[in-house]
Amino acid sequence: MPSPAATHEVLNQPFALADYNLFTGDAALREGVSREGADWASADLEAFGAKLGAADYLELGALANRYPPDFDTHDRYGRRVDLVRFHPAYHELMRVAIEHGLHASPWSEPREGAHVARAARFYMQTEVEAGHGCPITMTYAATPSLRLQPELAEPWLPKIHSRVYDPRNIPVAQKNGATIGMAMTEKQGGSDVRANTTRATPIGDGQYEITGHKFFVSAPMCDAFLVLAQVEGGLTCFLAPRWRPDGTKNGIEFIRLKRKMGNASNASSETEWRGALAARVGPEGRGVATIIEMVAMTRFDCMLASSAGMRRAVAEAIDHCRQRKAFGALLIDQPIMRDVLADLAIEAEASLALTLRMARALDHRGDANEDALVRLGTALGKYWICKRTPMHAYEAMECIGGSGVMEDSPMPRLYREAPVNAIWEGSGNVQCLDVLRAIQRTPATLEAYFREVSEARGGHRALDAHVAALKEDLRDTNDFEARARDLCDRLALGLEGSVVVRNSPGVVADAFCRSRLESRGAHHYGVLPRGVDGAAIVKRAAAR
Ligand SMILES: Cc1cc2nc3c(=O)[nH]c(=O)nc-3n(C[C@H](O)[C@H](O)[C@H](O)COP(=O)(O)OP(=O)(O)OC[C@H]3O[C@@H](n4cnc5c(N)ncnc54)[C@H](O)[C@@H]3O)c2cc1C
């Protein structure tokens, strides 16, 4: 009953989704982890899922974005510091991520399923907050590139692999842990890094000084950056620390923080490079080949993070609709809404299933077939999953109605975050071109692809027909580039479909194949073929 002074009783308003377990409440995640080789991690993941689903932990994600970072170039006495200040919530998210090895565990503690287990943790952590994932991903992704230069790997990797989050703005030698960023993009070209004009001058002993400008450098508090610059031998990769070994500031000056439409907790900056001391990584002229090791891993994390965004959106939408009534019935029981929710759940499950399959391939890169699958599958997955996310976020927001648009809901954050993964680390067209390059230069990648999808042969007639038509169309290489998006869409759907048909419950697999491989025209979420058991799909995807 309202108090005498109250004007109304609050009726029919849901309680926020909180105090639930992000692991046990996610059937697709639990099954995927076990299937792809990390069953051994399930107990830890369950504990991690409980921690992350607690109301006060979920709140960290909101706070880190509500109070975005701010930046000082100099201290109060005029000394250059390039200091970004973050809300304590951001630091807490970073601390938890690093203590749980999201930045390094597959490298520091390799074992069967290590990438899968790490992927599951990163996925759950990203459901809470995506922005701090940027430095975590870059740090995780830097190890393969740094290993190409053993004399750099030797001092740096122990700091990078440390489970201590040490945010102090001091030389790395004095720190208990380090994070790594990347600086490739320049004003005249981001995708086309060969157009970089930043130059590196050798000063002896494999050391160089870098002069130029980098237009996007995220996570500027990282302890070092992998950076591309031109030398006589061509575009080359370098590692540039924030501080010089003698304890003076290195010549990397952060000019300002970017004002972004989303990704608010993550600082992204513009930087001047004034003779910044750097060490070469990989041979001169092989900059792209060297940093591509890092880029491949960041692309994998884009798949993972976008899948996580979808999962959070589905969980929120279903939880809302199971509590909210309209026109006398719960939204979840109303046929159109049920199919919208089911469709959103199918998308999220398929994205996660493909991502975890790629995580398993990462765990087996010694196997030539799995390695070839990583090459094509991560390029396709990065393109497809990241591109599917913005519309997914919006549709989930609509399920919640007006309250979903409000800033105190997580939905605006999910929505604004959604395009970012699609644009950085290889925008859509660039990913498509990369897929074509892989197919043309390394036919083994396409062979690995068809070997993988053929594992599902006979599982669903729509998938069989899809794969057969795709194979036929790929024989025709005329106008290949102009057809790239069509081919990549279909390649991605075929791969997702094959993973889903083999592993998801029949009701999900059948709905995926009929709605995505057989239907024609614009696919709005909620347009599912007749006879799909939407209620069963929604039940499977409900977080509680
Ligand atoms: C929030 C955020 C943080 C970032 N952080 C970093 C960072 O830490 N370090 C870093 O180095 N960079 C960073 N970037 C930069 C990002 O990687 C680039 O923006 C991205 O690579 C695209 O480059 P560009 O902006 O120069 O666009 P362009 O390269 O000009 O591309 C514009 C469009 O053209 C398309 N295109 C390009 N080539 C072709 C082609 N041949 N055919 C058809 N279409 C094509 C692209 O797909 C894209 O859609 C960040 C970006 C964002 C948004």
Side-chain angles (χ1 to χ4, degrees), residues 65 68-69 84 130-142 145 179-198 210 212-229 235 237-240 242 252 254-271 273 287-288 290-292 294-299 301-302 305-306 309 379 382-384 386-387 389-390 413 416-437 479-488:
N65 286 275
V84 181
H132 79 290
C134 177
I136 295 298
T137 285
M138 292 193 291
T139 304
Y140 157 69
S145 289
T179 53
I180 303 291
M182 68 202 288
M184 300 187 294
T185 309
E186 297 185 7
K187 287 177 180 165
Q188 71 282 356
S191 310
D192 184 7
V193 289
R194 289 184 193 281
N196 274 189
T197 61
T198 295
I210 296 184
H213 182 94
K214 294 289 174 183
F215 195 39
F216 284 86
V217 180
S218 289
M221 294 310 290
C222 285
D223 297 284
F225 302 86
L226 279 163
V227 52
L228 291 179
L235 194 65
C237 183
F238 298 91
L239 184 74
R242 261 184 92 76
I252 312 169
F254 299 88
I255 304 168
R256 63 168 177 166
L257 297 188
K258 299 264 197 195
R259 291 189 295 138
K260 297 179 285 183
M261 58 88 70
N263 197 241
S265 67
N266 177 32
S268 300
S269 68
E270 294 172 11
T271 57
W273 294 65
V288 173
T290 304
I291 211 164
I292 208 74
M294 180 176 191
V295 172
M297 302 311 300
T298 61
R299 288 178 176 172
D301 267 17
C302 287
S306 289
K382 196 295 185 178
Y383 163 70
W384 179 253
C386 298
K387 200 164 272 306
T389 309
R413 185 150 53 89
R416 283 199 296 260
E417 194 68 41
V420 178
N421 279 329
I423 292 171
W424 65 16
E425 305 302 327
S427 314
N429 294 349
V430 170
Q431 288 305 110
C432 290
L433 292 171
D434 191 44
V435 168
L436 295 191
R437 200 176 307 118
D479 297 327
F480 218 30
E481 197 169 317
R483 291 160 52 219
R485 282 220 178 192
D486 175 55
L487 292 172
C488 288

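Each ligand, and each atom within it, is numbered from 1 in the order the structure gives.
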Open item on the list: Quick check against the 3.5 Å criterion: does N196 have a side-chain atom that pairs as donor or acceptor with the backbone of V193?
Closed with: yes

Contact set, ligand 1, heavy-atom distance under 4.0 Å, ordered by chain/number, equals M182, A183, M184, T185, G189, G190, S191, F216, V217, S218, K260, S268, I423, W424, E425, S427, N429, V430, L433

ask   = Can a salt bridge be assigned to the pair E270 and K214 using a cut-off of 4.0 Å between side-chain N and carboxylate O?
value = no

SB check R299 D434 (cutoff 4.0 Å): yes

Note: C222 and I180 closest approach over all heavy atoms is SG-C, 3.5 Å

When you compare the side chains of K382 and N421, does any donor N or O come within less than 3.5 Å of an acceptor on the partner? no

| message | When you compare the side chains of K258 and S269, does any donor N or O come within less than 3.5 Å of an acceptor on the partner? | response | no

